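Just so it is clear, the structure is predicted and the values come from calculations on it, not from any experiment.
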Amino acid sequence: DQLREALGSLESPGQVSWALGLGSGRSPSVGSSPIDVGPILRERLHERVPCLVFTSATLTTGGDFKFLRQRLGIEAEVSEELVESPFRYESQAALYAPTHLPDPRSSDFPDEAAQEILELIRMTGGGAFVLCTSLRMMRILAKRVGDELEYEWFVQGDAPKQTLLDRFREQGNAVLFATASFWEGVDVPGSSLRLVVIDKLPFEVPSDPVVAARCERLDEAGESSFMRYLVPAAALSLKQGFGRLIRTTRDHGVVAILDSRIRRKGYGKVFMRSLPPARVCDSLDEVRDFLISSATTPNIRSSSA
């Protein structure tokens, strides 16, 4: 029945179907997804339920709900409220967004990023998540950084997710290299996590069948799929990654985004406006000064930058 449904949707203009693993030696899979879930939600949810409340810490991009409304098919007039966070991000968190690193798509990026990560980890005395946008980059950075660390370090996949989190919390100065599954729904309050490093802006893979179909539909309508879909979707993901750091009013730490496009490109302003109002640092020296001013941050090391 599932195969029949997937194949039957090939003729539907509102669906995209795909086949994976054919001829690769892996188990093949066939799938089908709606290009736009908005019409389905309007028909099956919005028009049937008299009152709906959407609430989350990551509903806005660039300070408004426009992207969410478009994705969820919300066309009616609704009440919107953006509630300020109870956290004092200006004093609790620093956002390190360096501009000197190479483009993350260049061959020089892994080596440069690894050195930057080592400096940051040494400054905070461990207690770090290194969140990557791909398994390949996670393994590269884990190898190049992990071999230089004096702290225990873990890599996603070495053990079940909960086991890794438990070990990370217990150590207090460990380093965890991970990908998408650790960007959200992970809660490590306290000083065990005081540094979150994000390697790249989390753009969706353009070759993914669903992503490609959604972009194609927007482009055909004369809109910019990059600015209307890819950028706001990535901004929401980045906001979730940032959210791993500050979990209570007593937490302090640093989020480092090593993708210089967030400062160099015009669309980077959307990302910056979507993030909490942390203290922005341009250099490792500024990061070190912030850490020193945070009395609860242990084991601060000086930077050679």
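- Ring geometry, Trp153 versus Phe177: the interplanar angle exceeds 60°, so the pair is classed perpendicular (tilted spans 30 to 60°).
- A 4.5 Å side-chain heavy-atom check between Arg263 and Met272 finds at least one atom pair inside the cut-off.
- Note that OG of Ser283 and CG of Asp289 are 7.5 Å apart. Values are rounded to the nearest 0.5 Å.
- Between the side chains of Lys239 and Thr60, at least one donor-acceptor pair of N or O atoms lies under 3.5 Å.
- Arg167 and Ala159 get closest at one heavy-atom pair: NH1-CB, 3.9 Å.
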- Task: Please assess Leu230 against Val211 for the test side chain to side chain contact (heavy atoms under 4.5 Å, CB included), listing each intermediate value before the final yes or no.
- Result: CA-CA 9 Å; Leu230 293 176; Val211 174; 3.9 Å; yes
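- Using a distance-only test at 3.5 Å, with no hydrogens or angles considered, a donor-acceptor pair links the side chain of His252 to the main chain of Arg250.
- When hydrophobic clusters are built by joining Ile, Leu, Val, Met, Phe, Trp and Tyr residues whose side-chain heavy atoms come closer than 4.5 Å, directly or via intermediates, Leu291 is grouped together with Ile117.
- A heavy-atom distance below 4.5 Å is found between the side chains of Phe129 and Leu193.
- In this structure, CG in Leu284 is found 12.0 Å from CZ in Arg122, a value given to the nearest 0.5 Å.
- Criterion: ILVMFWY side-chain heavy atoms under 4.5 Å apart, direct or through other members. Under it, Val254 and Leu238 are not part of a common hydrophobic cluster.
- The shortest side-chain heavy-atom distance between Asp199 and Leu141 falls under the 4.5 Å cut-off.
- Within the 4.5 Å cutoff, the side chain of Phe182 has heavy atoms near those of the Gln156 side chain.
- Of the N and O atoms on the side chains of Thr248 and Asp251, at least one donor lies less than 3.5 Å from an acceptor on the other residue.
- Using a 4.5 Å heavy-atom cutoff, the side chains of Leu201 and Phe271 are in contact.
- Taking every heavy atom of both residues into account, Gly125 and Tyr151 meet most closely at CA-OH, 3.3 Å.
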- Query: side chain to side chain contact (heavy atoms under 4.5 Å, CB included) between Leu118 and Leu120: does it pass, once the steps are laid out?
  - Reply: CA-CA 5 Å; Leu118 278 169; Leu120 288 163; over 6 Å; no
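- Using a distance-only test at 3.5 Å, with no hydrogens or angles considered, no donor-acceptor pair links the side chain of Gln240 to the main chain of Thr58.
- For the pair Val16 and Pro209, the tightest heavy-atom approach, listed with the atom from each and the gap, is CG2-O, 3.7 Å.
- Within 6.0 Å of atom NZ in Lys269, 12 or fewer heavy atoms from other residues, nucleotides or ligands are found, so the atom counts as exposed in its surroundings.
- Of all heavy-atom pairs spanning Arg217 and Gly14, the tightest one is NH2-CA, 3.8 Å.
- Between the Ser106 side chain and the Pro102 main chain, no donor and acceptor come within less than 3.5 Å of each other.
- A continuous path of ILVMFWY side-chain contacts below 4.5 Å connects Leu176 to Trp183, so both sit in one hydrophobic cluster.
- A donor-acceptor contact under 3.5 angstrom links the side chains of Asp166 and Gln162, judged on distance only.
- Scanning both residues, Thr133 and Pro202, for their nearest heavy atoms gives CG2-CA, 3.9 Å.
- With rounding to the nearest 0.5 angstrom, the CE atom of Met137 is 13.0 Å from the OG1 atom of Thr179.
- Under 4.0 Å is where a charged nitrogen must lie from a carboxylate oxygen, and between Arg42 and Glu75 at least one such pair does.
- Side-chain contact between Val231 and Phe203: present, with at least one pair of heavy atoms (C-beta onward) separated by less than 4.5 Å.
- Between Glu170 and Glu152, every side-chain heavy-atom pair lies at or beyond the 4.5 Å cut-off.
- Within the 3.5 Å criterion, the main-chain N or O of Pro39 finds no donor-acceptor partner in the side chain of Glu43.
- Linking Ile, Leu, Val, Met, Phe, Trp and Tyr whenever their side-chain heavy atoms come within less than 4.5 Å leaves Phe168 and Leu195 in two separate clusters.
- Taking 4.5 Å as the limit, every side-chain heavy atom of Arg279 sits out of range of all side-chain heavy atoms of Leu95.
- For the atom pair CG (Leu258) and NZ (Lys200), the distance works out to 11.0 Å, reported to the nearest 0.5 Å.
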- Message: For a side chain to side chain donor-acceptor pair (under 3.5 Å) check, start with the C-alpha distance between Arg194 and Ser191, then their side-chain angles and the critical distance, and finish with the verdict.
- Response: CA-CA 6 Å; Arg194 47 193 179 269; Ser191 62; 4.7 Å; no
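- Comment: Arg214 does not engage Asp36 in a salt bridge, judged by the lack of any side-chain N to carboxylate O separation of less than 4.0 angstrom.
- For the residue pair Gly126 and Val175, the shortest heavy atom distance occurs at CA-CG2, 4.5 Å.
- Considering CG of Leu101 and CZ of Arg264, their distance stands at 9.0 Å, rounded to 0.5 Å.
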- Query: Taking it one step at a time, do Thr163 and Leu165 satisfy side chain to side chain contact (heavy atoms under 4.5 Å, CB included)?
  - Reply: CA-CA 5 Å; Thr163 300; Leu165 286 173; over 6 Å; no
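- Val197 and Leu245 end up in different hydrophobic clusters when Ile, Leu, Val, Met, Phe, Trp and Tyr side chains are linked at under 4.5 Å.
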- Step by step, work out the side chain to side chain contact (heavy atoms under 4.5 Å, CB included) result for Val186 and Val188. CA-CA 7 Å; Val186 172; Val188 185; 4.1 Å; yes
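- Taking the six-membered ring where tryptophan is involved, the planes of Tyr229 and Phe67 are tilted, since the angle between them lies from 30° to 60°.
- Distance OG1/Thr61 to NZ/Lys66: 9.0 Å, rounded to 0.5 Å.
- Within a 6.0 Å sphere centred on CZ of Arg136, other residues, nucleotides and ligands contribute 12 heavy atoms or fewer.
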- List the steps, then state whether side chain to side chain donor-acceptor pair (under 3.5 Å) holds for Glu116 with Tyr96. CA-CA 11 Å; Glu116 204 81 359; Tyr96 176 49; 2.3 Å; yes
